[in-house]
Amino acid sequence: QVQLVESGGGLVQAGGSLRLSCAASGRTASTRLMAWFRQAPGKEREFVVAISWTTSRTYYADSVKGRFTISRDNAKNTMYLQMNSLKPEDTAVYYCASRNDATVYRLPSMFDYWGQGTQVTVSS
């Protein structure tokens, strides 16, 4: 079993920045892909970005390209989401997820483990 814990959410003004962290623990050796999703009130959970744990190759949703950056720290078993130039439409609960397969999917149902989520609120 893998446990994922997000942190770093909060309230920020439009144009500001936040950095989210996702710490993985448990039986993490099988992890091949990690990703961030987000879910706004009344909306479906949507893909934000993924990173291969083997190659560090990244995959971004068009809506965040050029503003968000995903990274990893293998020694700490942690991934990060640096969010710059935040917009009110970025407001959502952000979830960390992992998958025990290298195939990149943008569907939440394809991921094996989830964190509890961290709230990001961007004020106008």
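Here the side chain of Y80 pairs no donor or acceptor atom with the backbone of D73 at under 3.5 angstrom. The backbone N or O of P88 sits less than 3.5 Å from a side-chain atom of T91, completing a donor-acceptor pair.
Listed by first then second residue, pairs satisfying disulfide (SG to SG under 2.5 Å) with a partner in residues 12-104 read C22-C96, not counting sequence neighbours.
With rounding to the nearest 0.5 Å, the separation of CZ in R38 from CD in E44 is 14.5 Å. Note that the OH atom of Y94 and the CZ atom of F68 stand 4.0 Å from one another [nearest 0.5 Å].
There is no side-chain donor-acceptor pair under 3.5 Å between R72 and T78.
Ion pair K87/D90 not flagged as a salt bridge, since none of the NZ, NE, NH1 or NH2 atoms sits closer than 4.0 Å to an Asp/Glu carboxylate oxygen.
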Please walk me through it: do Y60 and T69 pass side chain to side chain contact (heavy atoms under 4.5 Å, CB included)? CA-CA 9 Å; Y60 289 87; T69 303; 3.8 Å; yes

Evaluate side chain to side chain contact (heavy atoms under 4.5 Å, CB included) for Y113 paired with Q3, printing each intermediate quantity in order. CA-CA 7 Å; Y113 301 101; Q3 295 81 46; over 6 Å; no

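Taking the side chain as every heavy atom from C-beta outward, S7 and T118 never approach each other to under 4.5 Å. A 4.5 Å side-chain heavy-atom check between N100 and T31 finds at least one atom pair inside the cut-off. Two residues are said to be in side-chain contact when any heavy atoms from C-beta on lie closer than 4.5 Å; I51 and R57 fail this criterion. In this structure the side chain of Y105 never reaches within 4.5 angstrom of the side chain of L33, judged on heavy atoms. Looking at heavy atoms from C-beta onward, M110 lies in side-chain contact with R99 at the 4.5 angstrom threshold. Side chains of Y59 and V49 form no contact here, defined as non-hydrogen atoms less than 4.5 Å apart. Using a 4.5 Å cut-off on side-chain heavy atoms (C-beta onward), E6 and Q116 make contact.
The hydrophobic cluster containing M34 does not contain F111, counting ILVMFWY residues as joined when their side-chain heavy atoms lie under 4.5 angstrom apart, directly or transitively. No continuous path of ILVMFWY side-chain contacts below 4.5 Å connects V104 to L4, so the two sit in separate hydrophobic clusters. V122 and V64 fall within the same hydrophobic cluster, where Ile, Leu, Val, Met, Phe, Trp and Tyr residues are linked whenever their side-chain heavy atoms come under 4.5 Å apart, directly or through other members.
For the residue pair Y95 and G115, the shortest heavy atom distance occurs at CD2-O, 3.7 Å. Closest approach of A35 and M79 over heavy atoms only: O-CE, 3.1 Å. Among all heavy-atom pairs drawn from V93 and G117, the shortest one is CG1-CA, 3.8 Å. Contact detail for L81 and W36: the closest heavy-atom pair is CB-NE1, 3.5 Å. Contact record, R67 with S85: NH1-O, 3.0 Å, taken as the closest heavy-atom pair.
Within a 6.0 Å radius of CZ in R106, more than 12 heavy atoms belonging to other residues, nucleotides or ligands are found.
R32 meets the side chain to side chain contact (heavy atoms under 4.5 Å, CB included) test with T54, A102; sequence neighbours excluded.
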All N/O donor-acceptor pairs, side-chain side in residues 13-21, below 3.5 Å, sequence neighbours left out:
unit_1	atom_1	unit_2	atom_2	d
Q13	OE1	S123	OG	3.1
Q13	NE2	S123	OG	3.3
S17	OG	N84	OD1	2.8

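Relative orientation of the F37 and W114 rings is tilted, given thresholds of 30° and 60° on the angle between their planes.
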